Amino acid sequence: MTGIPDIHAILTGRITEGQKLDFKRTVDLDDKASKVSIVDDVVAFLNADGGQILIGIDENRKTSTVSLCPVTGDVDSFCLRLQDAIKSNIAAKPSDLTVNAIPVEGGSVVYIDLGRNNNKPYTNTLNSRYLQRRGRKNEGLLPGEVKALYETRSKLMDGLAARSKRHLDEIIEDGLLTLDCPVMHISILPFAHLIHDFPSFETRKGALERKGFSRPHGSYGTFERVANGHEVRAIDLNGHMISRFFVGDDWYVHSIICHPIPFNQGEGRVDFIEMLVEISRHFTNIENFLEKEGVHGPFALDINIVNLHSRDHFVTLFPRVKSISMGRPSYIEAVRGTDLGKLIVDRIRQSSIYG
């Protein structure tokens with residue numbers, strides 16, 4: 001998020017409209033033209049570098065002065081309606097967007113804060129327009145510019161498919177997975193993969209600092225160098241690998257979790273609550289790791305659970321499927337641990353007799 005706007009600095013002219021700041025006198029969500037206009041403004045910022053749109057600031061461009069035109073009434077309700085109107089009329093859905101209010105004399109200034117949203121291009125579904133903020137203006141993207149943004153998405157998705165296949169072949173060839181059990185594979189390819197001069201992952205930031213990762217089925221562990229990247233493993237008492245988190249030199253990320261679906265033997269059922277907690281925790285660990293390393297979206301993501309029928313009780317609980325996937329790789333702005341945990345657990349439930 002950009003931070004709380006400095007209203008005093010705006011009123012005294014020290015902060016003016018520009019590439020990352022826009023003023024709106026009013027927004028009437030019951031007026032179609034006004035709603036279309038504010039969604040256009042948001043789309044323009046999303047397709048540029050983000051920023052803030054302030055509602056309740058009246059700018060006189062002839063005199064280059066600004067004054068307050070506060071939003072009055074139930075401001076909290078207005079903020080919720082505005083956020084819903086924006087998010088429900090933009091494709092793809094922006095994840096890093098909030099609407100808040102600053103109390104001022106006579107009411108509030110409402111501000112739309114557009115943080116890091118990289119799932120470009122965004123379009124206003126009310127009028128199918130692709131816009132981009134350029135200076136103080138919103139300009140339409142040319143067809144070639146829109147195509148170029150979509151091609152970036154395709155490169156990331158295609159890159160994940162190729163990189164994931166190659167990595168899985170390497171795992172099989174190296175005999176890393178010796179347990180015959182259900183296994184979850186999480187494959188992530190960030191936008192950093194396409195940036196040739198983006199620094200590669202290293203095991204050390206300084207002489208006394210070791211990077212590590214809180215792995216599933218195990219405690220916090222430090223990364224070790226392996227072919228084409230670094231990994232953290234968890235090993236059971238018999239020497240079998242039960243989890244592995246791998247970060248490639250090219251920022252391909254792959255996680256292996258053996259036994260991802262907890263089964264209560266005494267009750268003869270899947271423990272969905274424990275599963276949601278554990279899977280969400282793992283995705284949150286990945287989210288925090290990427291954030292710490294300065295690796296931001298968009299991301300291509302693929303999740304698969306294989307070998308379900310390697311356990312007799314799962315044959316009964318999952319009679320129709322031997323594996324579970326999300327259908328196809330996803331293109332997401334951010335790795336959100338809680339959201340992704342719920343998504344995969346819901347898919348597992350739907351695939352079982354409980355669905």
Side-chain angles (χ1 to χ4, degrees), residues 1-27 34-69 71 79 82-83 85-87 89-102 109-124 126-153 191-192 194-195 197-198 294 296-298 333-334:
M1 292 291 106
T2 309
I4 300 175
D6 188 336
I7 301 300
H8 180 70
I10 291 170
L11 294 176
T12 56
R14 289 186 290 116
I15 296 178
T16 61
E17 277 190 323
Q19 178 68 27
K20 292 197 172 187
L21 185 64
D22 189 30
F23 303 146
K24 304 284 285 186
R25 186 176 187 275
T26 61
V27 171
S34 182
K35 182 191 288 188
V36 169
S37 178
I38 189 63
V39 176
D40 272 348
D41 290 333
V42 172
V43 165
F45 275 89
L46 291 172
N47 282 326
D49 303 313
Q52 292 181 325
I53 301 171
L54 275 59
I55 302 166
I57 302 290
D58 187 17
E59 180 186 38
N60 187 325
R61 294 198 175 183
K62 290 183 179 180
T63 61
S64 298
T65 59
V66 294
S67 59
L68 290 175
C69 183
V71 177
C79 289
L82 179 59
Q83 182 166 303
I86 292 169
K87 287 192 172 183
N89 290 293
I90 293 179
K93 295 291 184 289
S95 62
D96 200 3
L97 183 156
T98 59
V99 180
N100 296 292
I102 303 171
V109 170
V110 171
Y111 65 101
I112 305 167
D113 200 342
L114 303 164
R116 190 183 299 277
N117 294 276
N118 297 313
N119 201 352
K120 303 173 184 177
Y122 296 92
T123 181
N124 184 345
L126 294 171
N127 57 14
S128 301
R129 296 185 72 190
Y130 293 91
L131 299 163
Q132 188 176 70
R133 184 77 171 179
R134 291 170 182 167
R136 295 179 59 174
K137 296 182 179 180
N138 300 335
E139 298 181 1
L141 287 171
L142 298 173
E145 293 174 314
V146 175
K147 180 181 178 182
L149 290 172
Y150 275 118
E151 285 177 348
T152 297
R153 181 180 302 191
F191 183 68
L194 301 178
I195 305 175
D197 59 351
F198 191 87
H296 303 291
E333 285 187 9

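Remember, it's a predicted structure, so these values are computed and weren't measured experimentally. Numbering starts at 1 and runs along the sequence shown.
- Remark: K93 NZ is packed, more than 12 non-hydrogen atoms of other residues, nucleotides or ligands lying under 6.0 Å away.
- Side-chain atoms of R133 come within 3.5 Å of backbone N or O of G18 as a donor-acceptor pair.
- The two residues V39 and A85 come nearest to each other via the heavy atoms CG2-O, 4.1 Å.
- Across every non-hydrogen atom of T26 and C69, the tightest pair is CG2-SG, 4.2 Å.
- No option in L82, I102, I55, V109 other than I55 meets the side-chain contact (heavy atoms from CB on, under 4.5 Å) test with V71.
- The distance from the CD atom of E59 to the OG1 atom of T65 is 8.0 Å, given to the nearest 0.5 Å.
- For the pair Q83 (side chain) and T98 (backbone), a donor-acceptor distance under 3.5 Å is absent.
- For K35, the salt bridge (charged side-chain N to carboxylate O under 4.0 Å, His left out) test picks out no residue, with sequence neighbours left out.
- Residues I4 and N100 have side chains not in contact (no heavy-atom distance under 4.5 Å, counting atoms from C-beta outward).
- Contact record, N119 with A92: ND2-CB, 3.6 Å, taken as the closest heavy-atom pair.
- Put simply, the side chain of L141 reaches to within 4.5 Å of the side chain of L149, judged on heavy atoms.
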Show your reasoning for whether side-chain contact (heavy atoms from CB on, under 4.5 Å) applies to V66 and N60. CA-CA 6 Å; V66 294; N60 187 325; over 6 Å; no
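- A 4.5 Å side-chain heavy-atom check between T123 and V146 finds every atom pair outside the cut-off.
- Looking at every heavy atom in both residues, Y111 comes nearest to A101 through CE2-N, 4.2 Å.
- Rounding to the nearest 0.5 Å gives a distance of 10.0 Å between CD1 of I112 and CD of Q52.
- Across all non-hydrogen atoms, the minimal contact from G3 to D113 is N-OD2, 3.5 Å.
- For E17, the salt bridge (charged side-chain N to carboxylate O under 4.0 Å, His left out) test picks out R61, R136, with sequence neighbours left out.
- Rounding to the nearest 0.5 Å places CG of N127 at 10.0 Å from OG of S37.
- Residues F23 and I10 meet the side-chain proximity criterion, which asks for heavy atoms closer than 4.5 Å.
- Under the 4.5 Å side-chain criterion, counting only non-hydrogen atoms from C-beta, N47 is not in contact with E145.
- One finds no salt bridge joining K20 and D49 here, because no Lys/Arg side-chain nitrogen approaches an Asp/Glu carboxylate oxygen to under 4.0 Å.
- N138 and A44 get closest at one heavy-atom pair: OD1-CB, 3.3 Å.
- Among D41, D40, I86, the one residue that satisfies the side-chain contact (heavy atoms from CB on, under 4.5 Å) test with N124 is D40.
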Would you please test Y122 and K120 for side-chain contact (heavy atoms from CB on, under 4.5 Å) and show each step? CA-CA 5 Å; Y122 296 92; K120 303 173 184 177; 3.8 Å; yes
side-chain contact (heavy atoms from CB on, under 4.5 Å) evaluation trace for R129 with V43: CA-CA 9 Å; R129 296 185 72 190; V43 165; over 6 Å; no
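- Between the side chain of E333 and the backbone N or O of P298 there is no donor-acceptor pair closer than 3.5 Å.
- Between the CD1 atom in I57 and the CG atom in D22 there is a gap of 11.0 Å [rounded to 0.5 Å].
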